[in-house]
K.L.:
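Handing you a structure now.
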Amino acid sequence: MEKLKIDSGIKKIEVNDNGEYITVNLSDNKFFENFNNFVSWMNAKQESVSAQEKAIQEKYADQDTKGINFDLIAETTALYKEICDDASRQLDGMFGSDCMKKVYPDVESPGFELIIGFLDEITPLLKKFAAERNQVINTKYNRNRKGARSR
């Protein structure tokens, strides 16, 4: 029986000491577009959250709580949690189920700082993978390549 083995373009990245990994599908032409869209979405959300946070702070500015304003903290936390949970779902869609749980196994709901930290770490790897992919494509599909049938 003949076997056909094709490189699917999926890269595995180990993300914790338990040996768990996330995946990057380099053969999916939408992956890098989706990642760029996600980064743009995150930047827009950061601006939006800053404005909403300012409005929340103004809402409670007149209240004299003599210390910690738990209502202010609760509203601000809920605002960030909603956006971060949405970001985690989007990252799960790009990098595989439970991406954020694997990257941060002891964190139930990663905050902005952890999501940004993940993006800071993953972006150089994605650039490296993209460069490798382009090199393979250029090598395989170069017009000067003779191919397997040229003898």
K.L.:
Under 4.0 Å between a side-chain nitrogen and a carboxylate oxygen: does that hold for E75 and K59?
P.N.:
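K59 and E75: salt-bridged.
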K.L.:
Anything under 30° is parallel, anything over 60° is perpendicular, the rest tilted; go ahead and classify F35 against F31.
P.N.:
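Parallel, since the angle between the ring planes stays under 30°.
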K.L.:
Got a sec, which residues hit ring pair (Phe, Tyr, Trp, His ring centres under 6.0 Å) with F32, two or more places apart in sequence or on another chain?
P.N.:
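Result, ring pair (Phe, Tyr, Trp, His ring centres under 6.0 Å) vs F32: none returned.
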K.L.:
Using the ring pair (Phe, Tyr, Trp, His ring centres under 6.0 Å) criterion, which residues pair with F129? Sequence neighbours excluded.
P.N.:
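Scan of F129 (ring pair (Phe, Tyr, Trp, His ring centres under 6.0 Å), adjacent residues dropped) gives none.
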K.L.:
Is S40 close to N43 at the side-chain level, that is, under 4.5 Å between some pair of heavy atoms?
P.N.:
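Sidechains of S40 and N43: no contact.
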K.L.:
Using a distance-only test with no angle check, is there a side-chain donor-acceptor pair under 3.5 angstrom linking S48 and Q52?
P.N.:
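Yes, Q52 and S48 have a side-chain donor paired with an acceptor closer than 3.5 Å.
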K.L.:
For D17, does the CG atom have more than 12 heavy-atom neighbours from other residues, nucleotides or ligands under 6.0 Å away?
P.N.:
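Not buried by this count: 12 neighbours or fewer within 6.0 Å.
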K.L.:
Could you tell me if the side chain of W41 sits less than 4.5 Å from the side chain of N37, heavy atoms only?
P.N.:
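A side-chain contact is absent here, since even the closest heavy-atom pair is not under 4.5 Å.
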K.L.:
Restricting to non-hydrogen atoms, name the atom on S27 and the atom on R133 that form the minimum distance, rounded to 0.1 Å.
P.N.:
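That would be O-NH2, 4.4 Å.
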K.L.:
Going by an N to O cut-off under 4.0 Å, is there a salt bridge joining K11 and E132?
P.N.:
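The answer is yes: the pair qualifies as a salt bridge.
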K.L.:
Flag the pair Y104 / N16 as yes when at least one side-chain heavy-atom distance between them is below 4.5 Å, and no otherwise.
P.N.:
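Heavy-atom side-chain distance check fails, nothing below 4.5 Å.
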K.L.:
Quick check: are there more than 12 heavy atoms from other residues, nucleotides or ligands sitting under 6.0 Å from CD of E121?
P.N.:
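Not buried by this count: 12 neighbours or fewer within 6.0 Å.
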K.L.:
May I ask whether V39 and I22 are part of the same hydrophobic cluster, defined by side-chain heavy atoms of I, L, V, M, F, W, Y residues being less than 4.5 angstrom apart, directly or through others?
P.N.:
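Yes, V39 connects to I22 through the hydrophobic network.
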K.L.:
Is any side-chain heavy atom of Y21 closer than 4.5 Å to one of I13?
P.N.:
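Answer no - side chains too far apart.
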K.L.:
Do I122 and I10 sit in one hydrophobic cluster, given that two such residues count as connected whenever their side-chain heavy atoms are within less than 4.5 Å of each other, even indirectly?
P.N.:
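Different clusters: I122 never reaches I10 through Ile, Leu, Val, Met, Phe, Trp or Tyr contacts under 4.5 Å.
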K.L.:
Verify whether the ring centers belonging to F95 and F118 lie closer than 6.0 Å.
P.N.:
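Between F95 and F118, the centre distance is under 6.0 Å.
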K.L.:
Got a salt bridge between K81 and D85, using NZ or NE/NH1/NH2 to carboxylate O under 4.0 Å?
P.N.:
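Salt bridge present between K81 and D85.
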K.L.:
Any non-hydrogen side-chain atom of V24 less than 4.5 Å from a side-chain atom of L126?
P.N.:
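Result yes, sub-4.5 Å side-chain heavy-atom pair found.
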